[in-house]
Each structure stands twice: as C-alpha cells, then as structure tokens.
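For reference, the structure discussed in these notes is given below.
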Amino acid sequence: MSDLVLSETRGAVALLTFNRPNKLNALSYALVDRLMAILDRIEDDAEIRAVILTGAGDRAFSAGADIAEFSESVKCGPDAAVKAFVRRGQAMTARMEAFPKPIIAAVNGIAFGGGCEITEAVHLAVASERASFAKPEIAIGITPTFGGTQRLPRLAGRKRALEYLLTGDSFSPQRAHEIGLVNQVVPHGQLLDAAFALADRITRHSRLAVARVITAATRGLNVSISEGLAIESEQFARMAATRDAREALDAWLAARLSR
C-alpha cells in the first residue's frame with residue numbers, strides 16, 4: 001500500500017503530501033496517525049527548519065475526515081466516537097498549532113471540514129486560485145470536531161465564522177484571504193513555489209527565535225493581554241541568553257557601523 005503521507009526534504013524544508021487522491025485526501029485514522037509520527041520525527045531533526053503540507057492530485061488538499069470510517073465509530077456510541085475520532089483530530093490540529101517549526105499549508109484544491117481545520121491550525125497558509133473552503137459538517141448533522149468551532153471565529157470573527165459554520169456553504173480562496181484564513185492566493189502552478197519562498201523568508205532567521213515567536217503567539221492568543229505579555233517576556237528571556245541572539249545583535253551592530 002502506498003504511503004498515506006508522502007515525505008520529502010528540500011534543503012531545510014520538509015514537504016508532506018496527503019496521499020489519498022482517489023478519496024480527495026480524506027483524513028483516515030491511519031493517515032492522521034502517520035502524519036503525527038512524521039511530525040514527531042521532524043521535530044527532532046535539527047536540519048529541518050519548516051514544514052509545508054499539501055495534497056496529492058489536482059482536486060483536493062483534503063476533503064476532511066473519512067466519513068465512512070468515522071460513521072462506524074459513531075455507531076459504537078458517543079464515547080467510542082469521541083475517543084477514536086474527535087480526540088485524534090483535535091490532537092492533530094493542536095500539534096500543528098503548537099509545533100515549534102513553522103507549518104505552511106499549500107492548499108491546492110478542496111479544503112473542506114478537517115482540511116479547513118488544518119488550514120486554520122497551521123501557522124501560515126498559501127492557497128491556489130483553484131482552492132475551495134467549506135465547513136460542511138452541519139449538512140451531515142454534526143458539529144466540526146477538529147477545532148473548527150474555536151479557531152475559525154478567532155481568525156475571522158464570530159459572525160463571519162458562524163455564517164460558514166451554520167450554512168455549510170463553500171467559499172473562495174479570495175474570501176479565505178479576506179477573513180484571515182490564508183496569507184496569499186496565487187496561480188495554481190505557482191503554489192509550491194510560493195510556499196517554499198515563504199518558508200525561505202522564515203528559515204533565514206534563527207530557528208530558536210522562530211520557535212520562541214511561535215510559542216509566544218500560540219500560547220498568548222487565548223489569554224488576557226497581561227498574561228500574554230508575561231509569556232512574551234518569558235520567551236524573550238529564554239532567547240536573550242542564547243548564542244543566536246548575541247550573534248545576530250553583533251552582526252546587526254557591525255553592519256550599521258560599517259555604513
């Protein structure tokens with residue numbers, strides 16, 4: 001059986017590809033578990049500085065959870081469904097959100113349900129002009145389960161998020177950009193180039209500083225401003241003691257003096 005998540009490394013960037021194109025890259029339990037294992041490996045690999053996620057084929061980033069699979073869990077009762085389906089999906093998106101290396105979604109097509117929730121959870125996203133987004137769970141009588149009721153309102157605002165959560169209507173990549181779900185919309189053929197260019201703009205900086213910024217922004221998002229400032233101060237203090245910070249400051253000062 002082909003690998004459910006393809007993995008290749010280009011320089012300091014890992015490209016991960018959901019590999020179920022005949023199923024619109026639906027997020028089966030096995031695919032999610034495989035993705036989590038790969039992220040564990042990448043976190044420990046000092047040579048990899050950033051991650052790009054995309055989908056195999058020309059149709060979908062990911063159409064969301066594998067409905068046929070999770071419906072069997074639902075038949076076993078709420079407790080079984082929460083354990084097998086909800087906890088697994090929430091652990092995946094939480095892992096992405098807090099991952100210490102930047103994760104960039106390269107959304108090449110349909111990003112519905114769980115595919116949209118991955119886009120919400122990762123740090124940055126670039127969308128093809130062919131991409132399409134939706135929160136269609138309500139059409140099958142359930143709520144979003146991988147964090148969609150929580151992250152989309154934080155990104156887009158409550159009323160704009162509820163429009164998509166309550167109607168299930170799809171929306172364009174341009175609209176996704178307007179509401180803050182993606183950072184860029186680019187021609188389809190330029191998608192991966194744009195994602196790698198964005199990764200390169202980040203990986204030229206200290207990997208430790210990048211990790212501290214991600215931690216401060218992620219942990220501070222859902223606390224009071226005073227708590228967030230304390231988190232910011234903590235991350236600065238941890239960074240200020242490093243060689244990376246001293247070398248970057250010395251280089252900046254030397255460059256300024258040489259002008």
Side-chain angles (χ1 to χ4, degrees), residues 1-7 14 16-44 51 53-57 59-100 103 105 107-123 125 132-155 161-162 164-168 170 181 218 222:
M1 184 178 71
S2 61
D3 200 334
L4 295 170
V5 181
L6 303 178
S7 177
L16 306 184
T17 305
F18 304 134
N19 190 34
R20 300 184 74 201
N22 59 324
K23 298 289 187 181
L24 298 179
N25 299 318
L27 303 169
S28 65
Y29 294 166
L31 186 153
V32 172
D33 292 346
R34 177 62 178 153
L35 177 62
M36 293 285 273
I38 292 173
L39 289 176
D40 285 344
R41 174 178 59 79
I42 288 173
E43 183 173 4
D44 293 335
V51 179
L53 293 177
T54 195
R59 298 177 62 196
F61 174 70
S62 174
D66 189 318
I67 296 176
E69 183 177 54
F70 85 72
S71 65
E72 292 300 313
S73 297
V74 171
K75 291 177 184 178
C76 295
D79 290 344
V82 167
K83 181 179 180 180
F85 175 54
V86 179
R87 289 180 186 169
R88 181 181 265 108
Q90 289 186 352
M92 173 187 66
T93 52
R95 179 82 167 110
M96 292 176 179
E97 187 173 50
F99 201 66
I103 301 179
V107 185
N108 57 304
I110 293 170
F112 288 2
C116 191
E117 288 168 311
I118 287 173
T119 309
E120 295 159 16
V122 297
H123 307 121
S132 180
F133 300 85
K135 312 292 295 184
E137 291 89 347
I138 199 163
I140 56 172
I142 64 170
T143 65
T145 50
F146 295 178
T149 61
Q150 304 305 305
R151 292 190 180 93
L152 189 61
R154 286 166 167 78
L155 286 166
L162 281 171
Y164 299 115
L165 290 164
L166 294 175
T167 64
S170 63
L181 181 58
T218 301
N222 301 318

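All of these numbers come straight from a predicted model, not from anything done at the bench.
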Any Leu24 side-chain heavy atom under 4.5 Å of Phe112 side chain: no
side-chain contact (heavy atoms from CB on, under 4.5 Å) evaluation trace for Leu4 with Asn19: CA-CA 5 Å; Leu4 295 170; Asn19 190 34; 5.7 Å; no
Min side-chain heavy-atom separation Met96-Glu120 under 4.5 Å: no
side-chain contact (heavy atoms from CB on, under 4.5 Å) evaluation trace for Phe70 with Asp66: CA-CA 6 Å; Phe70 85 72; Asp66 189 318; 5.9 Å; no
Arg154 versus Asn222, side-chain donor and acceptor atoms under 3.5 Å: yes
Gap between atom CZ of Arg151 and atom SG of Cys116 - 0.5 Å precision: 11.5 Å
Proximity of Phe133 and Phe61 rings by center, below 6.0 Å: no
Val122 to Ala105 - nearest heavy-atom pair and separation: CG2-CB, 3.8 Å
Between CD on residue Glu97 and CD1 on residue Ile118, distance to nearest 0.5 Å: 13.0 Å
Ser7 and Arg41 side chains, donor-acceptor separation under 3.5 Å: yes
Donor-acceptor under 3.5 Å (Glu117 side chain, Phe146 main chain): yes
Nearest heavy atoms of Leu165 and Gly148, plus distance in Å: CD2-O, 4.0 Å
Glu69 and Lys23 ion-paired at < 4.0 Å: no
Short side-chain to backbone donor-acceptor contact, Thr119 and Gly115, under 3.5 Å: yes
side-chain contact (heavy atoms from CB on, under 4.5 Å) between Thr143 and Glu137, intermediate numbers included: CA-CA 6 Å; Thr143 65; Glu137 291 89 347; 6.0 Å; no
Distance-minimising heavy-atom pair for Ser73 and Ala80: O-CB, 4.1 Å
Spacing of CZ belonging to Phe18 relative to CG belonging to Leu6, to within rounding of 0.5 Å: 11.0 Å
Test item: Arg95 side-chain N/O and Ala91 main-chain N/O as donor-acceptor pair under 3.5 Å: no
From Ser28 atom OG to Arg88 atom CZ, the distance as rounded to the nearest 0.5 Å: 9.0 Å
Reported CZ-to-OG distance for the pair Phe85 and Ser71, which is rounded to 0.5 angstrom: 10.0 Å
Closest approach of Ala56 to Pro21 (non-hydrogen atoms, all atoms of both residues): O-CB, 3.8 Å
Any donor-acceptor N or O pair under 3.5 Å, side chains Ser170, Tyr164: no
Atom CZ of Arg59: over 12 foreign heavy atoms under 6.0 Å: no
Gln90 side chain vs Thr145 backbone, donor-acceptor pair below 3.5 Å: yes
Over all atoms of both residues, closest heavy-atom pair of Gly55 and Thr17: C-CG2, 3.6 Å
Among Asp33, Leu39, Leu31, Leu35, the one residue meeting side-chain contact (heavy atoms from CB on, under 4.5 Å) with Met92: Leu35
Inter-residue atom distance Glu72.CD - Ile67.CD1, 0.5 Å rounding: 13.0 Å
From CA spacing to verdict: side chain to side chain donor-acceptor pair (under 3.5 Å), Ser62, Arg20: CA-CA 9 Å; Ser62 174; Arg20 300 184 74 201; over 6 Å; no
